[in-house]
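Worksheet for the structure shown next.
Just so you know, these numbers use all the heavy atoms, side chains as well, and skip hydrogens, waters and symmetry mates.
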Amino acid sequence: MASSVDEGGDSSREGIVAGLIAYTLWGFLPIYFKIVQDVAPLEVLAHRIVWAVPFGMPIVLARRQWPDVRRAFSDRRTLALLALSAVLIALNWLVYIWAVQSGRIFQGSLGYYINPLMNVLIGIAFFRERLRALQVAAVWLAAAGVAVLTLSGGQFPAIALTLATSFTLYGVIRKRAPIGAMPGLFVETLILFPFAAAYLAHLVLADSAAFGVDDPSAMGTLMLAGPFTVLPLLAFATAARRLRLSTLGIMQFISPTLQFAIGLAYGETLTRAHVFCFGLIWIAVAAFSFDAWRSARGAEPAAAAVARPARRAAGDRV
């Protein structure tokens, strides 16, 4: 597990670089959706699914993960879990594409800031986890931020809450599916592929598709949805193997911060309610990150004490 990885030497540096690549690519993703602004969100989603399959297949084969894919399709429980997670991630992608194209990047950013705090609430509700003091403070600050935006700004953050909830539930379901990140995404896109391909075929037959052989530039731009979907996840999977969960937990705030900056660059209106809301969210994020860092530091001596007898026993067996 990522939490048990020793962050030392080359492995740590590779993990940090991979994590930065993943979260930076996710952070700049709104620019791509703005470039394809004239294409309907549902059509962009269909392209994202369709082109992720041929781009993901050689990666799965190169990483020798095809047996994982076969096992997923042969196990009914795993396949059912991945079918449900596929629906949730498709909903998440669709809402985010629509949010960016309709000039609501701030709400998208807010959703991914809230997401780790939503994970905490899921842990309480479904796994009977107990909150530490700073986690309680972070959750209340985030709730206050959402309340400020709703009451003072007159804007209920439905997009942000939908993104945070769908991605949190997606993560819970994926944890229950015995499959890695990359082969899991590949199976999810294979499940969604027939529906996405059928929708694109319908658009072509109705002569209402945004792409065509007579417009290779538009076609090439939409095909980029495949690598923009797969590459960040591949980098994230690499980082997850080399870094502690606490480190990843802190790095995940890179994406919404970049998205927020992109929203400013595209001229979205930053109201006083937005300032108060994001201010409270950023304080919550700082508290959450500090708590994760402190918890990881406290766990290190105990883990080392457990590891020492195991190493001595292994030495005796040799």
Side-chain angles (χ1 to χ4, degrees), residues 22-57 59 83 85-112 115 158-160 162-167 170 185-236 255-256 258-260 262-263 265-268:
Y23 289 117
T24 301
L25 287 173
W26 278 325
F28 281 113
L29 198 55
I31 296 176
Y32 173 74
F33 294 138
K34 282 291 188 181
I35 291 172
V36 294
Q37 176 90 34
D38 296 333
V39 183
L42 190 57
E43 188 173 352
V44 175
L45 173 66
H47 279 283
R48 188 172 188 180
I49 294 166
V50 166
W51 299 115
V53 171
F55 191 81
M57 182 176 288
I59 295 175
S85 67
V87 172
L88 286 168
I89 198 62
L91 172 65
N92 184 274
W93 288 348
L94 179 61
V95 171
Y96 188 70
I97 294 166
W98 178 80
V100 172
Q101 292 188 339
S102 61
R104 294 173 172 87
I105 298 176
F106 284 161
Q107 277 226 37
S109 170
L110 179 61
Y112 291 114
N115 177 61
I159 294 170
T162 300
L163 290 172
T165 303
S166 60
F167 199 71
Y170 170 77
L185 176 70
F186 186 66
V187 172
E188 289 167 344
T189 52
L190 283 177
I191 291 170
L192 297 169
F193 181 87
F195 305 100
Y199 178 68
L200 292 179
H202 164 72
L203 292 179
V204 171
L205 293 174
D207 198 26
S208 58
F211 71 97
V213 292
D214 57 335
D215 190 357
S217 176
M219 184 67 169
T221 302
L222 288 168
M223 288 175 67
L224 287 174
F228 286 160
T229 297
V230 174
L231 285 177
L233 188 84
L234 181 62
F236 173 80
S255 297
L258 289 173
Q259 293 163 11
F260 179 83
I262 290 169
Y266 276 107
E268 288 195 15

| query | Distance from Ile159 atom CD1 to Leu110 atom CG, nearest 0.5 Å? | reply | 10.5 Å

| query | Quick one: does Thr189's side chain have a donor or acceptor within less than 3.5 Å of a partner on Leu185's backbone? | reply | yes

| request: Report yes or no: does Ser166 contribute a side-chain atom to a donor-acceptor pair with the main-chain N or O of Leu88 at less than 3.5 Å? | output: no

| request: Count the heavy atoms belonging to other residues, nucleotides or ligands that lie under 6.0 Å from OH of Tyr266, then report whether that count exceeds 12. | output: yes

| Could you walk me through whether Phe28 and Ile262 pass the side-chain contact (heavy atoms from CB on, under 4.5 Å) check? | CA-CA 8 Å; Phe28 281 113; Ile262 290 169; 3.7 Å; yes

| Nearest-0.5 Å distance that lies between atom CZ in Arg104 and atom OG in Ser109 | 15.5 Å

| task | In sequence, state the C-alpha distance, the side-chain angles, and the governing distance for Thr24 and Leu258, and then conclude on side-chain contact (heavy atoms from CB on, under 4.5 Å). | result | CA-CA 8 Å; Thr24 301; Leu258 289 173; 4.2 Å; yes

| Phe260, CZ: over 12 other non-hydrogen atoms inside 6.0 angstrom | yes

| query | Which value, rounded to the nearest 0.5 Å, describes the distance between Gln101 atom CD and Ile35 atom CD1? | reply | 11.5 Å

| field | Option among Phe106, Tyr96, Tyr23 that satisfies the ring pair (Phe, Tyr, Trp, His ring centres under 6.0 Å) test with Tyr112 | value | Tyr96

| request: Go through Val95 and Leu91 one step at a time and tell me if the side-chain contact (heavy atoms from CB on, under 4.5 Å) criterion holds. | output: CA-CA 6 Å; Val95 171; Leu91 172 65; 3.9 Å; yes

| task | Side-chain contact test, heavy atoms from C-beta onward, threshold under 4.5 Å: evaluate it for Val53 versus Leu190 and give yes or no. | result | yes

| message | Using side-chain contact (heavy atoms from CB on, under 4.5 Å), reason through Asn92 and Tyr170 one step at a time and then give a plain yes or no. | response | CA-CA 9 Å; Asn92 184 274; Tyr170 170 77; over 6 Å; no

| field | Nearest heavy atoms of Gln259 and Pro30, plus distance in Å | value | CG-CG, 3.8 Å

| field | Atom pair CZ (Phe167) and CH2 (Trp93), whose distance is rounded to the nearest 0.5 Å | value | 10.0 Å

| said: Tell me the closest heavy-atom pair linking Leu192 and Ala90, and the distance in Å. | reply: CD1-CB, 4.0 Å

For residues 38-50, dump all side-chain donor-acceptor pairs below 3.5 Å to protein atoms at least two apart in sequence or in another chain.
{"from": "Glu43", "atom 1": "OE2", "to": "Ala210", "atom 2": "N", "distance (Å)": "2.8"}
{"from": "His47", "atom 1": "ND1", "to": "Trp51", "atom 2": "NE1", "distance (Å)": "3.0"}
{"from": "Arg48", "atom 1": "NE", "to": "Thr229", "atom 2": "OG1", "distance (Å)": "2.7"}

| Of all heavy-atom pairs between Pro232 and Ala22, which one has the smallest distance, and what is that distance? | O-CB, 3.3 Å

| task | Give the ring-plane orientation class for Trp26 versus Phe236, where under 30° counts as parallel, over 60° as perpendicular and anything between as tilted. | result | tilted

| said: Measuring from atom CZ of Phe193 to atom CZ of Phe186, what distance do you get when rounded to the nearest 0.5 angstrom? | reply: 10.0 Å

| For the residue pair Asn115 and Ala164, what are the closest heavy atoms and their distance? | OD1-O, 3.5 Å

| request: Would you give the length of the straight line joining atom OG1 of Thr221 to atom CE of Met219, rounded to the nearest 0.5 angstrom? | output: 11.0 Å

